[in-house]
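Every number for a ligand or one of its atoms is a count from 1 in the order of the listing.
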Amino acid sequence: MNADGRTRLHQTPEWTALAKHREELADTRLRELFASDPGRGTGYTLKVGDLYIDYSKHLVTDDTLRLLRELAAATDVFGLRDAMFRGERINVTEDRAVLHTALRAPRDAVIEVDGENVVPKVHAVLDKMAGFADRVRSGAWTGYTGKRIRNVINVGIGGSDLGPAMAYEVLRTFTDRDLTVRFVSNVDGADLHEATRDLDPAETLFIIASKTFTTIETITNATSARQWLLAALGDDAAVAKHFVALSTNAGKVADFGIDTDNMFEFWDWVGGRYSYDSAIGLSLMIAIGPDRFREMLDGFHLMDEHFRTAPAEANAPLLLGLLGIWYGNFHDAQSHAVLPYSHYLSKFTAYLQQLDMESNGKYVARDGRQVDWQTGPVVWGTPGTNGQHAYYQLIHQGTKLIPADFIGFARPVGELSEELKAQHDLLMANFFAQTQALAFGKTAEEVRAEGVPEELVPHKTFQGDRPTTTILARALTPSVLGQLIALYEHKVFVQGAVWNIDSFDQWGVELGKVLAKRVEPALTEGADVPGLDASTKALVATYRELRGR
Ligand code: F6P
């Protein structure tokens with residue numbers, strides 16, 4: 001029993017029932033499941049908004065799904081969901097509400113935190129962002145010398161970078177192509193150098209994005225960006241026309257020298273990795289325009305409402321979350337691949353890595369005790385078809401079980417020529433071929449029937465039973481992007497709720513930050529930093545020698 005009155009997860013009858021069921025299913029093959037149920041290909045699907053979700057190629061039966069839903073009920077996933085939507089402080093270790101869903105709530109919604117309706121504040125900031133974005137896009141907002149802004153550089157890291165950087169790529173076909181929009185995150189000076197080297201400072205707007213406004217990478221890059229600007233424009237007054245801030249911390253923004261009139265606010269109930277639909281999305285809004293940004297928010301909201309109201313049997317985030325638990329906890333799968341068949345989704349999986357791994361990469365439960373069960377998977381993947389020629393071999397014939405999400409679209413987007421549009425069918429033919437091959441493989445008999453020499457038969461045989469989810473939509477629009485991101489946000493939520501971990505803190509990144517600050521003087525000044533271990537000491541000495549110090 002837990003301190004919070006919950007039975008330890010792995011000791012619940014629902015968990016034990018799943019473990020037993022897993023043993024019973026050990027020899028079940030996807031080929032058999034499909035053969036015994038001709039309706040499986042359409043029956044094991046969900047339609048939510050614009051998304052068609054096919055989960056038929058999973059190693060599950062109706063019983064598996066029922067037992068998983070029973071686990072969700074026993075762990076009160078929907079109770080925690082309702083508490084989140086009500087604005088309760090479900091981020092227990094930081095004592096905060098978790099209300100990214102309020103960022104996309106309609107204007108007339110009422111969502112209270114400590115008795116205050118936060119929806120008017122959300123829309124006031126969205127309106128301020130829209131006004132600013134329109135002025136930049138129209139040329140009404142000019143730089144210090146009166147030149148039009150042609151370049152926008154977002155400086156931020158983690159949740160203050162990955163979301164807008166990903167969404168900018170995803171929605172590139174909706175962007176103003178006359179604007180250059182770049183994202184600087186790495187404290188490696190090469191990042192800022194490459195982003196600015198061919199730009200005119202008089203035409204460049206920096207958006208400094210940091211929830212805390214204390215993150216060392218961002219403040220260091222922002223300081224260097226200011227120096228770059230002032231070296232060209234020569235007057236501190238230029239900062240007001242070339243720097244805006246996105247933050248929850250007005251005091252630190254003012255300390256940095258940015259006028260708080262040029263600050264776009266968000267709140268402590270927005271987690272960094274859940275923030276790109278807040279003010280953190282300003283660079284994206286400038287790129288695609290306020291109307292498209294609002295379409296994206298509507299897509300998020302659609303999925304929020306689905307998650308909030310759909311019954312367990314038809315609840316897509318619940319289903320995807322539970323399937324992940326099925327593989328991670330009952331099949332020993334260590335990782336989860338997200339494989340989008342869209343060039344525009346090139347940064348999608350990198351974004352999901354923070355969303356999932358920073359949320360659920362935890363070995364301490366909400367009650368402070370160590371878990372006795374696996375938690376978040378390693379999330380990885382890149383767009384198909386490129387991945388097919390790199391690592392799919394291991395997914396098909398390796399020794400590890402890697403469940404995967406395949407995301408694809410029926411229509412290409414953008415201004416492609418007819419010839420390039422025609423390539424889309426080949427892209428999607430690969431998509432369908434891969435999920436088919438992964439699920440059903442190729443038997444030794446099938447290989448032999450092709451006349452393959454006996455010694456090569458084992459090499460050319462595919463076991464199959466590699467599980468995949470297919471997510472299909474007509475086209476990649478702002479709304480579809482919002483639907484997809486909210487789907488994954490809530491999937492991660494479901495898993496954290498079942499595992500009884502706090503998905504909204506991130507203490508695990510703190511130690512490295514503290515140690516970096518401590519080690520830096522050893523590198524720069526050769527300072528004798530107390531407490532350095534023998535390995536790090538020797539490495540620092542070697543580094544200084546190689547650095548020529
Ligand atoms: O990596 C830790 C982290 O706190 C993330 O959660 C966050 O998204 C990132 O750093 C950036 O933080 P900030 O927006 O405060 O600069």
(request) Using salt bridge (Lys or Arg N to Asp or Glu O under 4.0 Å) as the criterion, list what pairs up with Asp268, not counting sequence neighbours. (result) Arg96
(message) With a 4.0 Å heavy-atom cut-off, what residues sit around ligand 1?
(response) Ile157, Gly158, Gly159, Ser160, Ser210, Lys211, Thr212, Thr215, Gly272, Gln354, Glu358, Gln506, Val509, Lys513
(message) Parallel, tilted or perpendicular, judged at 30° and 60°: which one describes the rings of Phe243 and Phe256?
(response) tilted
(message) Using 0.5 Å steps for rounding, measure from the CG atom of Asn360 to the NZ atom of Lys491.
(response) 9.5 Å
(message) Nearest 0.5 angstrom please: Glu489 CD to Leu352 CG, how far?
(response) 10.0 Å
(request) Any chance you could measure Phe409, atom CZ, to Leu476, atom CG, to the nearest 0.5 Å? (result) 4.5 Å
(message) Do the side chains of Asp76 and Arg81 get close enough for a salt bridge, i.e. N-O under 4.0 angstrom?
(response) no
